[in-house]
Amino acid sequence: QVQLVESGGDLVQAGGSLRLSCVVSGSIFSINDMGWYRQAPEKQRELVATITAGGNTNFADSVKGRFTLSRDNAKNTMYLQMNSLKPDDTAVYYCYVQHRTMYDLRYSDYWGQGTQVTVSS
């Protein structure tokens with residue numbers, strides 16, 4: 001079993017920046033893709049960005065050019081750098097990882113509890 005803890009959420013003015021972190025701990029065997037989703041009030045959860053084990057990234061159109069995503073495999077940590085923030089970026093941000101144990105044939109998704117990002121206009 002693995003646990004994910006997000007941090008870095010805060011209240012920031014439009015145009016500002018934040019860096020979210022997601023630390024994975026527990027009985028880690030193999031981590032595949034990692035990523036972030038977000039959910040704004042009364043909206044469905046949406047994909048923000050993903051990063052493969054090899055470091056290839058993919059971003060939602062709404063954040064392309066403003067957000068970057070990286071991971072430190074040695075530290076089992078992922079970072080979402082968010083620049084030029086907009087009020088529309090306000091949401092709870094959730095990190096996830098695909099993890100499997102040595103006994104699993106497939107990866108399973110694990111989620112963090114979320115961190116609040118609020119962007120004021």
Side-chain angles (χ1 to χ4, degrees):
Q1 193 77 355
V2 297
Q3 296 81 42
L4 284 67
V5 177
E6 303 103 330
S7 63
D10 205 345
L11 170 63
V12 64
Q13 289 188 335
S17 298
L18 285 174
R19 188 175 83 155
L20 305 185
S21 299
C22 175
V23 179
V24 185
S25 63
S27 300
I28 299 170
F29 177 72
S30 177
I31 295 176
N32 194 25
D33 291 356
M34 305 176 75
W36 293 88
Y37 278 73
R38 67 185 181 186
Q39 187 165 20
E42 301 182 358
K43 292 187 177 181
Q44 290 190 333
R45 189 174 294 193
E46 63 174 357
L47 177 67
V48 176
T50 60
I51 184 167
T52 67
N56 293 317
T57 56
N58 184 49
F59 296 90
D61 288 343
S62 59
V63 306
K64 281 182 181 177
R66 300 188 296 122
F67 291 11
T68 59
L69 185 59
S70 60
R71 60 191 282 175
D72 185 334
N73 292 328
K75 295 182 178 179
N76 296 314
T77 301
M78 172 176 60
Y79 305 98
L80 180 67
Q81 178 66 43
M82 306 186 295
N83 300 325
S84 302
L85 284 162
K86 304 175 181 179
D88 284 348
D89 295 318
T90 295
V92 177
Y93 284 70
Y94 300 90
C95 71
Y96 82 93
V97 299
Q98 294 179 333
H99 175 266
R100 70 175 181 88
T101 70
M102 62 184 299
Y103 306 106
D104 295 327
L105 295 178
R106 297 180 179 180
Y107 288 88
S108 298
D109 291 345
Y110 293 83
W111 293 85
Q113 294 298 308
T115 185
Q116 176 70 48
V117 171
T118 303
V119 184
S120 63
S121 58

Colleague: Linking I/L/V/M/F/W/Y whenever their side-chain heavy atoms sit closer than 4.5 Å, directly or via other members, would W36 and V2 fall into one cluster?
Modeller: yes

Colleague: Got a list of side-chain donor-acceptor pairs under 3.5 Å for residues 18-25, not counting sequence neighbours?
Modeller:
none

Colleague: Could you walk me through whether D61 and K64 satisfy the salt bridge (Lys or Arg N to Asp or Glu O under 4.0 Å) test, starting with their C-alpha distance in whole Å, then the side-chain angles of each, then the deciding distance to 0.1 Å, before giving a yes or no?
Modeller: CA-CA 5 Å; D61 288 343; K64 281 182 181 177; 3.1 Å; yes

Colleague: I need the minimum non-hydrogen distance between D33 and A53, along with the two atoms involved.
Modeller: OD1-N, 4.1 Å

Colleague: Take a 6.0 Å sphere around CD of Q81 and say whether it holds more than 12 heavy atoms from other residues, nucleotides or ligands.
Modeller: yes

Colleague: Are I28 and V97 in one and the same hydrophobic cluster, where Ile, Leu, Val, Met, Phe, Trp and Tyr link if side-chain heavy atoms are under 4.5 Å apart?
Modeller: yes

Colleague: Please find the pair of heavy atoms, one from A49 and one from L80, that lie closest to each other, and give the distance.
Modeller: CB-CD1, 4.5 Å

Colleague: How many angstroms lie between CE in M102 and OG in S30, if you round to the nearest 0.5 Å?
Modeller: 11.5 Å

Colleague: Between Y96 and W111, how do the two ring planes meet: parallel, tilted or perpendicular, split at 30° and 60°?
Modeller: tilted

Colleague: Among all residues two or more places apart in sequence or in another chain, which pass the side chain to side chain donor-acceptor pair (under 3.5 Å) test with S17?
Modeller: N83

Colleague: Taking all atoms of both residues into account, what is the closest heavy-atom pair of P87 and S121, and its distance?
Modeller: CG-CB, 3.9 Å

Colleague: What verdict does the side chain to side chain contact (heavy atoms under 4.5 Å, CB included) test give for N73 and I31, after you've listed the backbone C-alpha separation in whole Å, the side-chain angles of each residue and the deciding distance to 0.1 Å?
Modeller: CA-CA 9 Å; N73 292 328; I31 295 176; over 6 Å; no

Colleague: Determine, using the 4.5 Å side-chain heavy-atom cutoff (strictly less than), whether Y103 and L105 are members of one ILVMFWY cluster.
Modeller: no

Colleague: Tell me which pairs pass ring pair (Phe, Tyr, Trp, His ring centres under 6.0 Å) where either residue lies in residues 57-92, with sequence neighbours left out.
Modeller: none

Colleague: Roughly how far, to the nearest 0.5 Å, is the CD atom of Q116 from the CG atom of L11?
Modeller: 9.5 Å

Colleague: Does R71 reach the main-chain N or O of T52 with its side chain, forming a donor-acceptor pair under 3.5 Å?
Modeller: yes

Colleague: Taking atom CZ of R38 and atom CG of L47, what is their separation to the nearest 0.5 Å?
Modeller: 10.0 Å

Colleague: If you group Ile, Leu, Val, Met, Phe, Trp and Tyr by side-chain heavy-atom gaps below 4.5 Å, do Y37 and M82 land in one group?
Modeller: no

Colleague: Step by step, work out the side chain to side chain contact (heavy atoms under 4.5 Å, CB included) result for S27 and Q1.
Modeller: CA-CA 6 Å; S27 300; Q1 193 77 355; 5.9 Å; no

Colleague: Any chain of hydrophobic side-chain contacts (each under 4.5 Å) joining M78 to Y94?
Modeller: no

Colleague: What's the separation between atom OH in Y93 and atom CD in E6, rounded to the nearest 0.5 Å?
Modeller: 12.5 Å

Colleague: How close do V63 and V48 get, heavy atom to heavy atom, and via which atoms?
Modeller: CG2-O, 3.7 Å

Colleague: Supply the atom-to-atom distance R66 CZ to S84 OG, rounded to the nearest 0.5 angstrom.
Modeller: 7.0 Å

Colleague: Taking atom NE2 of H99 and atom CZ of F29, what is their separation to the nearest 0.5 Å?
Modeller: 8.0 Å

